[in-house]
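Heads up, the thing below is written out as structure tokens.
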Number of protein chains: 2
Amino acid sequence: MRLLVVEDESLLAEQIREHLVQQQFSVDVAHDGADGWFKLSEYPYDLAIIDIGLPKMDGLSLIRKARQNDIKTPVIVLTARGSWQEKVQGLDAGADDYLTKPFHTEELLARINALIRRAAGQPDPMLHAGPVRLNSRTQQVWLGDDEVSLTAYEYKVLEYFMHNPNKVISKTELTEHIYDQDFDLDSNVIEVFVLRLRKKLDPDGELKPIETLRGRGYRFTMAVS
Amino acid sequence: MRLLVVEDESLLAEQIREHLVQQQFSVDVAHDGADGWFKLSEYPYDLAIIDIGLPKMDGLSLIRKARQNDIKTPVIVLTARGSWQEKVQGLDAGADDYLTKPFHTEELLARINALIRRAAGQPDPMLHAGPVRLNSRTQQVWLGDDEVSLTAYEYKVLEYFMHNPNKVISKTELTEHIYDQDFDLDSNVIEVFVLRLRKKLDPDGELKPIETLRGRGYRFTMAVS
DNA sequence: GCTTTTTGTTTTATTTTTGTAAAAATAAAG
DNA sequence: CTTTATTTTTACAAAAATAAAACAAAAAGC
């Protein structure tokens, strides 16, 4: 899961970033509205956290511009304490939720998770695909009755696959969702992780859960049993 | 599909209920806002129809309260005729659609079905042409019941054909759509790919899906069955 | 600070796809 | 009916993409 934080106060931005990274999110930070717009339009974020008061382009304009450009990334706006109007304006501009500064990180995390869940249309943290089951809250994965132990990145890749079953996912798309923006796209890590996932999810090579589409990417398909 | 109707006018409520039951929905009725809130929070409805003017707790408050509690059941609000403000307030409070009283039952049914469909997520973008079907999200192609496996370029060509059925497509046009600008137009790749597509889509040579128009190009035609 | 695990890189091997070229077939024109 | 142009088909070579293995670096755990 890849998030964007648009916040001009460096200290706060860094603080949020650290907390989110701790929660296994990939996080990019933009320090003004213009940069925020660039990043938001350029990368496929799963969620954006946007401060209302920003230099260059204020948060409201940023959200409006994004929505006008058909960017449907869920957005949480950060508003000043007691500013009832800001909250309403934010939601009107196209934000999905709001949070009043200062806030507890737990609160932010809860709202992030709720929004991501809502966006995925999946209130239940369990994802199923044939014999593979995944609990996105506990990050456990089972193959049939046996639990499969995955490393952090193996899990990220699988989770993305399971959120997008049957979809053709290019290596670029996978890379962008799993790593921060400045990652060497020429690397073959993705191939290696797909290899490792295949070995763990399909030790006997019978199920073929991850199909390769040469020149196009991968497709996660599992017979729904 | 289970629906909730929150409406204080007993006669109208019963009328709506009967129509919906006739359409195979399970329907619960609440006669005031408080009861509506209780039912909405307690049961997993697929959709709620809420009147704005209600005793105990008005419809707007009910919707707001539901949204604040992370209940994302799709909501249609019923507003009085000509009350432009009510409609806006309803949508702002978190409703998904509105309907002005009095209304035709067909209109209500259409909106219910639209909302349920929307909540179920976008259907896959399928293209059909006779026995050939193509899913542009998963890039899968079927011939009758059998999936046909195409390479990246074969897929590109077919997709272009299926987006332009019956149109005469010159080889230049195809080339320009499939390759970057600076591609050697003297090559016969297109012919080769058309050949390969024909073999895969029409192994028995009976359907003739891709017609040749000498000197002009190709035309993709498939009897619509 | 040492050990283990995980992540990412490099290298090599293998497979598949793409594009070329030439021959064969077909259609159109004279 | 013969010639010419165009398209289809075949066979093959080149290029590209992926898989796999082994290794190095980084991170995490003890």
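Note on naming: letters A, B, ... go to the chains in the order of the sequence lines (proteins, then strands), and numbering restarts at 1 for each one. These numbers were taken from a predicted model, which means no experiment stands behind them.
The stretch residues 188-203 of chain B comes close to DNA chain D through N188(B), E191(B), L195(B), R198(B), K199(B), each having a heavy atom under 4.0 Å from the strand.
Seen from the ring of Y43(A), R2(A) counts as a face-on cation partner, given the 6.0 Å and 45° thresholds.
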| request: Decide salt bridge (charged side-chain N to carboxylate O under 4.0 Å, His left out) for E14(A) and R17(A); before the verdict, give the C-alpha distance in whole Å, the side-chain angles of both, and the deciding distance to 0.1 Å. | output: CA-CA 5 Å; E14(A) 184 52 23; R17(A) 202 187 64 77; 3.1 Å; yes
| query | side chain to side chain donor-acceptor pair (under 3.5 Å) between T212(B) and R198(B): does it pass, once the steps are laid out? | reply | CA-CA 11 Å; T212(B) 302; R198(B) 279 175 171 155; 2.7 Å; yes
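Across all strands shown, Y218(A) has heavy atoms under 4.0 Å from sugar-phosphate atoms exclusively, and none from any base. When heavy atoms are screened at a 4.0 angstrom cut-off, K156(A) is found touching no nucleic acid atom at all.
How far CZ of R64(B) is from CE of M57(B): 11.5 Å, rounded to the nearest 0.5 Å.
Taking the six-membered ring for Trp, Y160(B) and Y218(B) have ring centres at least 6.0 Å apart. The ring of Y179(A) has its center closer than 6.0 angstrom to the ring center of Y153(A).
Shown here is N166(B), whose CG atom has more than 12 heavy atoms of other residues, nucleotides or ligands within 6.0 Å. For K167(B), the NZ atom is densely surrounded, since the number of other residues' heavy atoms within 6.0 Å is greater than 12.
Between Y153(A) and dA27(D) there is no side-chain N or O to OP1 or OP2 distance below 4.0 Å.
Taking the 5' to 3' direction, DNA chain C first and last meets chain A under 4.0 angstrom from a heavy atom at dT6(C) to dT17(C).
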